[in-house]
Amino acid sequence: EQFKVSLYNKKFIEENMRAAITDNQFLMYLQPKYNIPDSAIIGAEALVRWIDPERGIIPPNEFIPVFEQNGFVVKIDEYIWECAAKCIRHWINEGLPPIPISVNVSRVHLSDSGFVNKLEALIKKYNIPRELLELEITESIENVNINEMIQLAKDSGFRLLMDDFGSGYSSLNTLKSTPFDVLKIDRSFFSSSMESSRGQKIISHTIAMSKDIGLELIAEGVETKEQAEFLSDCGCNSAQGYFYSSPVPVDMFDKLLKNSVLVKTE
Ligand code: C2E
Ligand code: CA
Ligand code: CA
């Protein structure tokens, strides 16, 4: 993936990003999270999409890295957080079971405490339970300041998901005293290790250990039935991935959610 030639150069992105936000070219897509045993929807992850009128959908891997460099990611994140809060309010109004939406929090946010106030303001504005707006944060190099910000979000009562667990800098050592509630098992770690019996043991023991120390788990990037069944056999009952659904626009997600409710009450 990292060798893919970028179709949208930095110049195009930086010249068009501001107009794109005022023209509503950024949309929130939702990818459902499922309970493996009964295939019911238990939550969603909010993922940004840039819909350019001429070029079509520009994937986040093309523009998020540029936005992280120039700081614009702060604007995009806040925009998506607001879409998510609005969506939760919409489900409550529609009488749908309000399920949590997890939003991505860029590391750029973690350099000042202001982001928690912004989240607080959204909770008030849309009058939604704060447990429903979950935060996905990627662990990076140990940093006292960043850890303080993460702790601040935790102390304010937000549920925290450790994104991409098992890749990069997130290590077993960070679990000793982590403020995170949920580990999101990274898709790369998962798909490549599933092949060997050693890889399977690493996954199953990671799941067992995490549960033993009181952490919740979800696996991302689940693409096959076998993977879902294996996870469930190991005690991880939550999954997100193409096997179930790719990220979809909100109106399509509402349909999935309504069907999921019907299946559950049948
Ligand atoms: P992420 O947070 O790890 O999000 C999961 C990515 O995995 C999403 O890619 C999703 O579409 C993809 N995915 C889901 N199921 C599968 C599967 O079964 N197989 C495979 N191979 N991939 C799957 P997406 O939407 O292209 O986003 C890429 C990354 O861009 C995200 O990775 C996240 O780091 C970033 N991103 C997306 N939206 C936002 C946002 O609103 N704010 C920030 N700061 N970053 C965002
Ligand atoms: Ca994420
Ligand atoms: Ca992830």
Side-chain angles (χ1 to χ4, degrees), residues 1-2 4 6-8 13 17 20-21 25-34 36 43-51 56-87 100-111 115 118-119 122 133-140 159-170 180 182-192 194 217-228 231 238-250 252-253 256:
E1 248 183 5
Q2 70 228 60
K4 210 170 66 183
S6 180
L7 297 172
Y8 308 95
I13 289 167
M17 61 188 193
I21 206 167
Q25 290 176 13
F26 292 104
L27 288 185
M28 175 183 74
Y29 273 38
L30 292 175
Q31 184 175 34
K33 299 177 183 177
Y34 285 81
I36 299 172
E45 177 176 5
L47 293 157
V48 67
R49 294 290 179 265
W50 181 347
I51 321 278
I57 297 186
I58 309 176
N61 288 337
E62 301 275 350
F63 59 85
I64 291 286
V66 178
F67 290 180
E68 281 189 330
Q69 275 173 26
N70 65 24
F72 199 67
V73 73
V74 168
K75 283 236 161 17
I76 288 302
D77 277 0
E78 286 167 18
Y79 175 77
I80 296 297
W81 300 349
E82 179 138 18
C83 292
K86 212 184 277 179
C87 186
I101 299 182
S102 60
V103 296
N104 290 287
V105 179
S106 162
R107 256 162 299 152
V108 179
H109 272 286
L110 300 176
S111 57
F115 81 99
K118 288 171 193 160
L119 290 160
L122 286 174
L133 193 63
E134 302 178 324
L135 312 180
E136 293 201 6
I137 300 172
T138 306
E139 277 283 270
S140 52
R159 273 170 59 80
L160 306 181
L161 284 69
M162 189 188 287
D163 209 348
D164 305 333
F165 176 69
S167 80
Y169 293 103
S170 67
F180 285 89
V182 185
L183 302 182
K184 269 195 108 168
I185 305 175
D186 188 57
R187 62 174 183 272
S188 61
F189 169 75
F190 175 65
S191 55
S192 55
M194 270 286 280
L217 286 155
I218 180 165
E220 71 176 4
V222 174
E223 295 183 351
T224 67
K225 189 166 184 256
E226 290 67 37
Q227 290 173 341
L231 285 162
S238 309
Q240 176 185 347
Y242 297 160
F243 170 61
Y244 292 102
S245 168
S246 49
V248 294
V250 173
M252 211 180 283
F253 187 91
L256 291 174

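Just so it is clear, the model here is predicted, and its values are computed rather than measured. We count ligands from 1, going down the list as the structure has it; atoms in each ligand are counted the same way.
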Output the distance between atom NE2 (H109) and atom CZ (F115), rounded to the nearest 0.5 Å.
-> 8.5 Å
How many angstroms lie between atom CZ of F165 and atom CG of D186, to the nearest 0.5 angstrom?
-> 10.0 Å
Do side-chain atoms of Y79 reach the backbone of F26 as a donor and acceptor pair under 3.5 angstrom?
-> yes
Nearest heavy atoms of [X] and [Y], plus distance in Å:
X: E62; Y: I58; result: CB-CG2, 3.9 Å
X: I57; Y: Y29; result: CD1-OH, 3.9 Å
X: L133; Y: A84; result: CD1-CB, 3.9 Å
X: C87; Y: L30; result: SG-CD1, 4.1 Å
X: Q25; Y: W50; result: OE1-NE1, 3.0 Å

Validation row: I101, F253 side chains within 4.5 angstrom (heavy atoms) | no
Beyond-backbone contact of L47 with N104, side-chain heavy atoms, under 4.5 angstrom = yes
Find all atoms of ligand 1 within a distance of less than 4.0 Å from any non-hydrogen atom belonging to [X], and give their numbers and elements.
X: V73; result: 44 (N)
X: E223; result: 17 (C), 18 (O), 19 (N), 20 (C), 21 (N)
X: Q31; result: 14 (C), 15 (N)
X: D77; result: 40 (C), 41 (O), 42 (N), 43 (C), 44 (N)
X: V222; result: 18 (O)
X: S106; result: 44 (N)
X: E45; result: 2 (O), 4 (O)

Residue portion contacting ligand 1 (non-hydrogen atoms closer than 4.0 Å) for [X]:
X: V48; value: both
X: V105; value: neither
X: P247; value: side chain
X: D164; value: side chain
X: R49; value: side chain
X: D163; value: side chain
X: L47; value: both

If you measure from each heavy atom of P59 to ligand 1, is any distance below 4.0 Å?
-> no
Q240 heavy atom under 4.0 Å from ligand 1 | no
Option set Y242, F26, F67, criterion heavy-atom distance to atom 13 (N) of ligand 1, minimum | Y242
In chain order, what residues pass the salt bridge (Lys or Arg N to Asp or Glu O under 4.0 Å) check against E136, with sequence neighbours excluded?
-> K33, K184
Sequence-distant partners of W81, side chain to side chain donor-acceptor pair (under 3.5 Å), two or more places apart = none
Atoms of type N/O/S from protein, distance to the Ca ion (ligand 2) below 3.0 Å = 4
What donor-acceptor contacts under 3.5 angstrom involve side-chain atoms of residues 67-75, with partners at least two apart or in another chain?
residue	atom	partner	partner atom	Å
E68	OE2	S106	OG	3.3
Q69	OE1	K10	NZ	3.4
N70	OD1	F72	N	2.9
N70	ND2	E14	OE2	2.6

Pick out which of P32, P100, S102 makes a side-chain contact (heavy atoms from CB on, under 4.5 Å) with E45.
-> S102
